Trainee: 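Take a look at this one; I'll ask things after.
Treat the numbers as computed from the prediction; the structure is a model and nothing was measured. In what follows, chains are A, B, ... by sequence order, proteins preceding strands, each numbered from 1.
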Amino acid sequence: MFKPVSTKVDFPALERETLRWWYESGVVEKYLKRNEKSKKRWSFIDGPITANNPMGVHHAWGRTYKDLYQRFHTMLGERQRYQNGFDCQGLWVEVEVEKELGFTSKQDIEAYGIARFVEKCKERVWKYAAVQTEQSKRLGYFMDWDNSYYTMSDENNYMIWHFLKVCHERGWIYRGADVMPWCPRCATGLSEMEVSEGYQERTHTSLFARFPLEGRDREYLLVWTTTPWTLAANVAAAVHPDLTYQKVKQGDDIYYVAREAVPNAIRGEYEVVGEVKGSDMLGWRYRGPFDELPAEQGVEHRVIPWDAVDAAEGTGIVHIAPGAGREDYQLGKEHNLAVVAPLDESGVYVDGFDWLTGMRVATVAEPIVENLREKGLLYHAYPHTHRYPTCWRCGTDLVFRLVEEWYIAVDPWREQIMEVAKAVRWIPEFGLERELDWLRNMDDWMISKKRYWGLALPIWTCDACGWFDVIGSETELKERAVAGWEEFEGHTPHRPWVDAVKIRCEQCGGIASRIPDVGNPWLDAGIVPFSTLRYRHDREYWREWFPADFITESFPGQFRNWFYSLLAQSTVLVGQSPFRTVLGFATLRDERGEEMHKSKGNAIWFDDAAERMGADVMRWLYLKHNPAQNLNFGFSLGDEARRQFILPLWNSYAFFANYAALDGFNPAEHDVPLAERTLLDRWILSRLQEVVRVVRDRLSDYDSLNAARAIEEFVVEDLSNWYIRRNRRRFWKTESDRDKAAAYLTLHEVLVTVTKLLAPFLPFMTEVMYRNLVLSVDPSAPESVHLTDFPEVDESKVDPDLDRDMAALLHVVGLGRAARARANVKVRQPLPRVLVGSRQDGAVAAIERLKDQLLDELNVKDFEVVDNPDEYVTYRVRPNLAVLGPKYGPKLGAIRKALEAADPARIGQLQRAGRPVTLTVDDETVELNPDELLVEVQDREGFSVAEDRDFMVALDLTITPELRLEGMARDFVRGVQDARKNAGLQIEDTIETVYQASGELAEAIERFADYIKGETLSTDLRPGDPEADGFHREEIKVGKQRVTVGITKVGRLAGARTEG
RNA sequence: GGGCGUUUAGCUCAGUUGGUGAGAGCACACCCCUGAUAAGGGUGAGGUCCCUGGUUCGAGUCCAGGAACGCCCA
């Protein structure tokens, strides 16, 4: 039997209870196995979540898509792997562990011990993987949680070794040098992303220095720098070839300065003694500011061209130090300049810089100023405030350092990967364009990072001769090991253990060691379609599941990260994409559309969201959203979704369950053929088929937005606001007859089907609904909605004519309500007639077919068809003199006459349609625009009319005494019902009703006594004393009068059950 | 500077292959209904669909150019 359902639900509590039941009863296990024998398979590959912190509501967005589509394909009977993944290695984890341990630099880590540190990193990953697993379960995400993959696994790391080996065999791995932003305190390079987060206002010593030109006595290039420490690495000076440089004379000295920069750069009196184009200065030699240093020996300083030079700041001549600046380094490559690299990884000057050697970069500005002054090369020094990049972790000023890193050359396979990307279906479509743009422009892939916790890059180099080789597997390493294997054996392939293993240098016979670098973490995530699908050990399994049918992740960033690394590694290994379709989604924002930040206080934690709004509500917010757009997320949006959809759905379900429980209705005991059901029954079942069709179609196309909208519209509009509202009385009837059974059967079928349609969206509440709607009357059914099949369209129930007719009826009902609203006659007052007309052939026939609904909905007694709708509206047309006067002048009189003679209905209709009216005035044709006419619409006397293009609906406003009394009786019923509610009575309780009334009101009550008694379950209705003992007393407004009633409970309907 | 996206009601957003008068929710005004709904419903007001030009019988939708904003790259 159905269980009664409360409409006051604590959804989060219901979810927790359901969650517990799922895992205790083995439902999840059965879900994972239900299709294991199926021939159809659907392959999903999970993009690993970084197991470094608790999961956020933005992760929940993506995980909801993942769950939705896996559930949908499960209900379609397709075999799947359900494997979740964790991203484990990388600096993110190191940073958090450093925070835990209070570390601020690499030295701290080295002192602590790399092995201990790496173990700490692993611990953190395990910890947060467990946290995220529990959170994901709370979201309702069904996965094979005991079988999650971890990118720190041996298999994942060794699979990358294989990939790198393949790259190396094709000659694509190389060692390169680049100048990058570097934190001297943390002793690490920073990515562009990290740099952009750490700009701060700083005051540094800036200076103008003069570089003596060779062969031009007492002539100097004047340069400006905000980083004096880089002067020791100077090798060139750049000018813009198109700029004009002036020779500025001060005393006996002549300075070259860009013309626009002279006022800013030159101090004191000066004289311009000549001009020269930048292009004419190219190749000039000069003496560098630190030529005496050993590191500068043999370096030739010269003037080079650079288009980026401008004269707005400084002197228009830029000092170039390829070992200490990024653009400088690029320019150096172009112009084949020497590279002088002054700093070690802690920002200390290396050997070869004489008195500077051993000094920290942050301390040299003043000594350098002094040194230049002594050498006569200083022009001017001063404190300068500017925005300067600093380390986001420790705030230290960044420097630029020449570093050696390892790269994969991209050009050899750039074209191929672009072709591979084109074979993928990108949702939204513009994803392809963005990915191609990235692929077209990307630089060689830098795969190394000078850190501790990550993939141990399998590159062994010989210190003696520089030879290197890439090891492709653990077995290859063992075979080639000449030392350290025992130390490594039994450990994961991480630092520091793997570093112990040495191999023979095949070039000089010496000993080769692993480079200390770890790998780029996107290698870890991108290899997953191989590592998790057993590419190395079970090729058949791999072939079965590769490529994935579907992946989904957040768009921003992933074009150059996961999407890229997936495509790159797969292109190299097998020449095809590892996924067929990718669904990208945008960024999660707060309710006002602002970015969520812990520091801003607008961040929402997943656990809070799940407990406050419930996982189903969260999921609905995610799934009803257009993934290409940023998602605004917050509690009031959750409330809105609950109010607009979740509650109407639940209330529809509760309506059925409560009445069915009350009636002891069992669907298995009834069978009413479709043909014997009402038009409304057949209509809602027909509409249901359409919804099933749309939802299947949209979900197959990864379009949750339109699937969700279709369901929501159906549930709220068709089911709740029309079908159930119009059919309530069929469920109230005390006797059990065939029509009531038809209503129950219909509503039950709709609710069960909707429950299944919604199961992938709202796994919790659909489970609760299903177990009551299905399992409580059919114990042989699957125990969980998540073990059922997805609904299919039943073509025999589709009735397009009925759909169309009902749509027309709803349209007319809207007009009828508008007509009532205009006349200000409330619905409780019955009216005698509604007249419906249409200018379209056959349109009224649809209304006639369904007129019972119209009459009842509008509370009108009779329905009539009118042939000429125009009879019920009259138009009064007047010229708009303010506009027409100035325009037509003397002709206006004739126009007014012509207007009066014309048919007002025709003119009114044209005007309302926004079209011009053509009149013939004195044999001339005059066209009057809509704004040149004033049209008043007047309903025919005694009617209220509403019309649009299709229909005219006129309500006859005649209220006969009989109708008036009936209206009063309805008011009375309404009041008694309120009294019942206020008295705390149950729906099925019967009452006695007494009242004190006189005159017309008493007449109304007497006349409609049977009706009132039926509606209010009154066994007795009589004039009497409402103040009597045991009576609940209430004052009721009837029309403009008041009447006092008293009610008291006398029993309850036979067969009724108490609401639980 | 290059690529991509966005621009529709006060706010947040829908608007399939171009098809008659442009939609929803929130907010607002008025009204109504209610023994399924601590709810809900209706009516109304509110829009040069960013701008300019083009294609077309017809453009929010297609094309070209431009603007503003956002993301990515340089």
Trainee: When we call it a touch if two heavy atoms are under 4.0 Å apart, what does A:E713 touch: a base, just sugar-phosphate, or nothing?
Mentor: nothing

Trainee: Rounded to the nearest 0.5 Å, what's the gap from NZ on A:K624 to CD on A:Q644? Could you check?
Mentor: 6.0 Å

Trainee: Across all strands, who's sitting opposite B:U61 as a Watson-Crick or G-U wobble pair, both distances under 3.5 Å?
Mentor: none

Trainee: At under 4.0 Å between heavy atoms, what does A:R434 touch on the DNA or RNA strands: base, sugar-phosphate, or nothing?
Mentor: base

Trainee: Looking for any heavy atom pair under 4.0 Å, which part of the strands does A:S720 touch: base, sugar-phosphate only, or nothing?
Mentor: base

Trainee: Check A:L955 against A:G816 and note the closest heavy-atom contact, atom names and distance.
Mentor: CD1-O, 3.8 Å

Trainee: From A:W522 CH2 over to A:L566 CG, what is the distance, rounded to the nearest 0.5 angstrom?
Mentor: 9.5 Å

Trainee: Tell me which nucleotide, if any, is Watson-Crick or G-U wobble paired with B:U6 when both distances must be under 3.5 Å.
Mentor: B:A68

Trainee: Base, sugar-phosphate, or nothing: which does A:L637 touch, judged by heavy atoms less than 4.0 Å apart?
Mentor: nothing

Trainee: How would you label the contact of A:E433 with the nucleic acid (heavy atoms, under 4.0 Å): base, sugar-phosphate, or nothing?
Mentor: sugar-phosphate

Trainee: With a 3.5 Å cut-off and sequence neighbours excluded, list the donor-acceptor pairs that the side chains of residues 627-643 of chain A form with protein atoms.
Mentor:
| residue | atom | partner | partner atom | Å |
| --- | --- | --- | --- | --- |
| A:N630 | OD1 | A:T587 | N | 3.0 |
| A:S636 | OG | A:E591 | OE1 | 2.6 |
| A:S636 | OG | A:E591 | OE2 | 2.8 |
| A:D639 | OD1 | A:R642 | NH1 | 3.0 |
| A:R642 | NH2 | A:M613 | O | 3.3 |

Trainee: Identify, between A:F430 and A:E595, the residue whose nearest nucleotide on RNA chain B lies closer to the 5' end.
Mentor: A:F430

Trainee: Using purine N1 to pyrimidine N3 plus N6-O4 or O6-N4 for Watson-Crick, or N1-O2 and O6-N3 for G-U wobble, each under 3.5 Å, what pairs with B:C13?
Mentor: B:G23

Trainee: Have a look at A:D978 and say if it touches a base, only the backbone sugar-phosphate, or nothing, with a 4.0 Å heavy-atom cut-off.
Mentor: nothing

Trainee: Which is true for A:R974 with a 4.0 Å heavy-atom rule: it touches a base, it touches only sugar-phosphate, or it touches nothing?
Mentor: base

Trainee: Kindly check if the number of other-residue, nucleotide or ligand heavy atoms within 6.0 Å of CZ (A:R725) is above 12?
Mentor: yes

Trainee: Looking across every strand, which nucleic acid part, if any, lies under 4.0 Å from A:K981 by heavy atom: base, sugar-phosphate, or nothing?
Mentor: base

Trainee: Quick check: on RNA chain B, is the nucleotide nearest A:S652 upstream (toward 5') of the one nearest A:R817, or the reverse? Name the residue that is more 5'.
Mentor: A:S652

Trainee: So, does A:R592 get its side chain near the phosphate of B:U12, meaning an N or O under 4.0 Å from OP1 or OP2?
Mentor: no

Trainee: Looking across every strand, which nucleic acid part, if any, lies under 4.0 Å from A:Q644 by heavy atom: base, sugar-phosphate, or nothing?
Mentor: sugar-phosphate

Trainee: Is B:G44 paired to anything, Watson-Crick or G-U wobble with both distances less than 3.5 Å, and if yes, which nucleotide?
Mentor: B:C28

